[in-house]
Protein chains: 2
Amino acid sequence: MELDARKIIILKTIIKNYLETGEPVGSRTISKYSELNLSSATIRNEMSDLEEMGYIIQPHTSAGRIPSDKGYRFYVDSIMRESDDRVNQVTELMVKKVDKLEMLLKNLVKHLAIDTNYAALISAPALSENKIKYVQLSQPGPGKLLLILVLEGNIIKNEILTIDEDLDMESILNLTIIINNHFSGLSLNEITRSTVRNVLEQSGEHRETVRIIIDAIIDMVEAGEESRDIYTSGATNILKYPELTDTKKAAALISAFEEKDALNKLVSEVTNDEISEGNRNNLQVYIGGEGPIQNMQDCSLVTANYELGDGLRGVIGVIGPKRMDYEKVLGTMKNLMEQLDKTFGKDSDSKEGKG
Amino acid sequence: MELDARKIIILKTIIKNYLETGEPVGSRTISKYSELNLSSATIRNEMSDLEEMGYIIQPHTSAGRIPSDKGYRFYVDSIMRESDDRVNQVTELMVKKVDKLEMLLKNLVKHLAIDTNYAALISAPALSENKIKYVQLSQPGPGKLLLILVLEGNIIKNEILTIDEDLDMESILNLTIIINNHFSGLSLNEITRSTVRNVLEQSGEHRETVRIIIDAIIDMVEAGEESRDIYTSGATNILKYPELTDTKKAAALISAFEEKDALNKLVSEVTNDEISEGNRNNLQVYIGGEGPIQNMQDCSLVTANYELGDGLRGVIGVIGPKRMDYEKVLGTMKNLMEQLDKTFGKDSDSKEGKG
DNA sequence: GTTAGCACTCTAATCATAGGACTGCTAACA
DNA sequence: TGTTAGCAGTCCTATGATTAGAGTGCTAAC
């Protein structure tokens with residue numbers, strides 16, 4: 001059997017209707033709502049076919065039809081293909097004024113959650129590809145050393161280290177210079193054993209301290225890899241959708257949002273997913289149990305890979321019920337990505353100022 | 001009418017029972033469970049009195065009784081008075097090993113949420129009383145200035161400022177020295193206009209830059225006042241309790257936990273509450289609509305003011321249903337506070353190492 | 001002061017019934 | 001051959017009635 005033009009119209013009408021109402025859609029409804037001007041009986045025949053083909057499901061004998069995962073998938077793919085270029089009403093992003101990367105991410109994710117009315121998440125950029133600008137050391141107290149790491153993109157990391165000696169001003173200055181000489185301009189991936197060995201050799205009696213410092217630097221940058229910071233917003237939007245309201249499922253989902261561990265796994269899987277060729281916007285849609293959300297049968301996930309210039313790349317996404325307004329979400333996400341591109345693109349000079 | 005010993009026993013039995021089961025408690029239950037050896041009829045008479053006195057409520061004619069807010073209050077006060085010194089099974093806190101204040105707070109609040117099975121929150125310490133140890137400046141890029149502020153208690157704050165000039169190394173060093181000369185050892189409250197004026201005068205042509213720096217310093221310290229960072233954990237525990245499961249209320253509560261704004265208000269009100277004389281542990285219990293939680297009629301809040309040494313003071317608390325296991329929560333909180341006291345108390349030398 | 005017993009009240013659960021929303025099928029129609 | 005009207009049949013849901021159970025308040029007796 002083939003999915004001819006009429007079947008497609010009917011399928012889309014069913015899905016659109018179901019997305020709006022959440023109720024199974026009957027043949028009469030379609031007969032009225034579509035522009036096909038067919039009687040409900042004809043529609044019934046077509047629907048019977050569509051069910052046989054696996055695009056729709058009948059919850060029980062005397063009910064209308066609801067989309068199957070295959071149906072959703074078809075619908076989403078057709079939206080993505082049409083690539084609907086009408087721009088949504090764009091809420092002006094205040095990204096330029098934000099000086100702290102953390103604030104920027106929080107704003108973005110909040111914005112996305114409010115716009116879509118679903119739960120949104122964003123992962124902090126990975127740092128291991130970011131070059132180190134410079135390192136600063138100082139001594140906030142006896143036996144302590146404050147290490148400040150400035151990465152490209154003006155990401156600042158700091159940590160207080162416990163060391164076994166007390167350094168005088170000159171030693172601190174010396175160590176700072178040695179470390180910067182070797183590490184400035186390198187990304188984590190470019191730090192080799194021989195670099196480390198060289199630095200250690202030059203640091204003489206402070207060898208142990210320097211080892212602690214280097215370990216801390218590597219830790220700080222690497223920590224962001226396995227367990228990146230993830231910011232979320234609108235987790236409670238999940239409770240707005242009746243199909244997710246059975247308290248147990250909702251609680252599981254929301255606590256996933258609270259705990260972040262599960263999200264981390266999710267993000268890393270999404271990051272590793274290859275981006276399909278025709279997908280110019282990096283947008284990905286996972287429906288039901290697809291891909292990384294296998295334990296969220298009733299949810300769908302829309303993700304995108306964002307880039308803020310300076311190699312700051314991460315994942316941003318929206319989680320909602322399978323019965324999600326895909327069109328709107330995809331539109332919103334696409335817009336957001338375009339705005340980010342415009343604001344942080346290579347040719348922009350306003351990319352400075354995130355710390 | 002007077003609350004005699006027998007009435008008290010009955011009242012406590014009712015409340016204890018209700019806390020366990022969540023069901024209204026009938027006279028027969030008490031007749032069986034209490035050690036009074038009275039028939040249900042006698043209990044009924046007493047319960048009738050207790051109801052008249054406002055300690056218990058009858059949801060409907062043929063139901064048992066549940067505690068009123070007044071009843072809860074009586075119960076809680078009596079627990080606090082008895083001050084039950086049997087120590088709960090203490091989970092060993094890993095506070096000493098934690099070098100970042102943020103991690104310490106997150107650990108504490110998570111610990112508390114898991115222990116009590118309710119939602120927990122903790123506010124980051126206020127900073128305006130903390131003295132400035134020193135300030136560091138550096139230049140991560142053109143037109144940018146990285147300001148690092150080290151406060152007593154080894155709290156590190158950093159911010160990237162946008163300035164109108166490019167400074168050479170020497171100027172940066174000079175400015176750093178000038179600022180440190182005047183600001184080291186001062187808390188925000190001790191910074192006066194004349195201090196600021198002096199610094200500005202000494203900074204010559206870099207006057208504008210220094211003004212920006214000073215503003216930033218004040219901002220950083222002050223920001224923590226009105227909108228302190230608040231860490232939460234276990235928000236979804238709220239969904240575990242049937243009386244809070246009507247999705248709307250739960251959503252409101254959980255989203256309060258997500259948004260933090262409401263919590264901020266709450267924390268500041270709690271902070272301002274005077275601590276009643278006999279309350280050696282700083283523990284406060286707010287039941288139903290009492291105090292800062294007026295819009296959480298079905299919840300109770302248990303708070304304590306913690307201190308981590310070095311003047312790092314904040315609020316830690318647990319929010320749960322009114323039908324909360326007060327005894328356990330109060331016990332857990334008390335323990336926690338004692339452990340913190342022991343770990344960070346004046347005579348302890350392990351108070352260093354938080355950043 | 002305490003207790004047994006009884007009438008009364010109210011809730012929550014169970015069950016039967018009716019109405020409504022669909023479908024699938026058949027037969028007629030263009 | 002495709003479309004449509006109509007009808008029987010299915011299943012869900014809402015409604016209402018009934019019942020069992022829990023608990024009270026009151027009275028009278030101990």
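We find that Arg73(B) and Asp77(B) are joined by a salt bridge, their nearest charged nitrogen and carboxylate oxygen being less than 4.0 Å apart. Salt-bridge formation is not detected for the pair Lys328(A)/Asp115(A): no Lys NZ or Arg NE/NH1/NH2 atom is positioned less than 4.0 Å from an Asp or Glu carboxylate oxygen.
Heavy-atom contacts from other residues, nucleotides or ligands closer than 6.0 Å to NZ of Lys110(B) number 12 or fewer. No more than 12 heavy atoms of other residues, nucleotides or ligands lie within 6.0 Å of CZ in Arg28(A), so this atom counts as exposed by the packing criterion.
Of all nucleotides present, only dG1(C) satisfies the Watson-Crick or G-U wobble test against dC30(D), with each distance under 3.5 Å.
OP1 or OP2 of dT3(C) has at least one side-chain nitrogen or oxygen of Thr42(B) nearer than 4.0 Å.
Asp49(B) places its CG atom 12 Å from the P atom of dC26(D), with the value rounded to the nearest Å. The CG-P distance, from Leu36(B) to dT2(C), rounds to 10 Å in whole Å. In this structure, Glu52(B) atom CD and dT24(D) atom C1' are separated by 16 Å, rounded to whole Å. Counting to the nearest Å, the C1' atom of dT3(D) and the CD1 atom of Ile10(A) are 13 Å from each other. Atom P of nucleotide dC11(D) and atom CD of Glu23(A) are separated by 20 Å, given to the nearest angstrom. In this structure, the CG atom of Asn37(B) is 16 Å from the C1' atom of dG1(C), given to the nearest Å.
Counting heavy atoms from C-beta on, the side chains of Ile14(A) and Ile56(A) come closer than 4.5 Å.
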At under 4.0 Å between heavy atoms, which parts of nucleotides 8-24 of chain C does protein reach? Answer with one letter per nucleotide, 5' to 3': B base, S sugar-phosphate only, - none. -BBS---------BBBB
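If you take CG on Leu36(A) and OG1 on Thr13(A), they are separated by 6.5 Å, rounding to the nearest 0.5 Å.
With dT3(D), dT2(C), dA5(D) as the candidates, the nucleotide lying closest to the side chain of Ala41(A) is dA5(D).
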